**Q** 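Quick one: structure below, then a few questions.
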Amino acid sequence: MKLRCRYRIYPTDQQKRLMSQLFGCCRVVFNDALAYC
């Protein structure tokens, strides 16, 4: 039997901005790694 949970978060405006920066950096690193390969 597989268990699946769903979570919903409600970030503040500051948290939204910080997550946007984090995911933007992760995207750049991931794309650079793909280009390197």
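All residue numbers refer to positions in the sequence shown, counting from 1. These figures come from a predicted structure and were not determined experimentally.
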**Q** So if you build clusters from Ile, Leu, Val, Met, Phe, Trp, Tyr with side-chain heavy-atom gaps below 4.5 Å, do F23 and I9 land together?
**A**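 As far as the 4.5 Å side-chain criterion goes, I9 and F23 are connected within one cluster.
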**Q** Of all heavy-atom pairs between K16 and P11, which one has the smallest distance, and what is that distance?
**A**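 Looks like CE-O, 3.5 Å.
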**Q** What is the distance from atom OG1 of T12 to atom CZ of R17, rounded to the nearest 0.5 Å?
**A**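 Separation between the atoms: 8.0 Å.
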**Q** Please report the interatomic distance CZ(R27) to CG(D32), rounded to the nearest 0.5 Å.
**A**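 Spacing of CZ (R27) from CG (D32) equals 10.0 Å.
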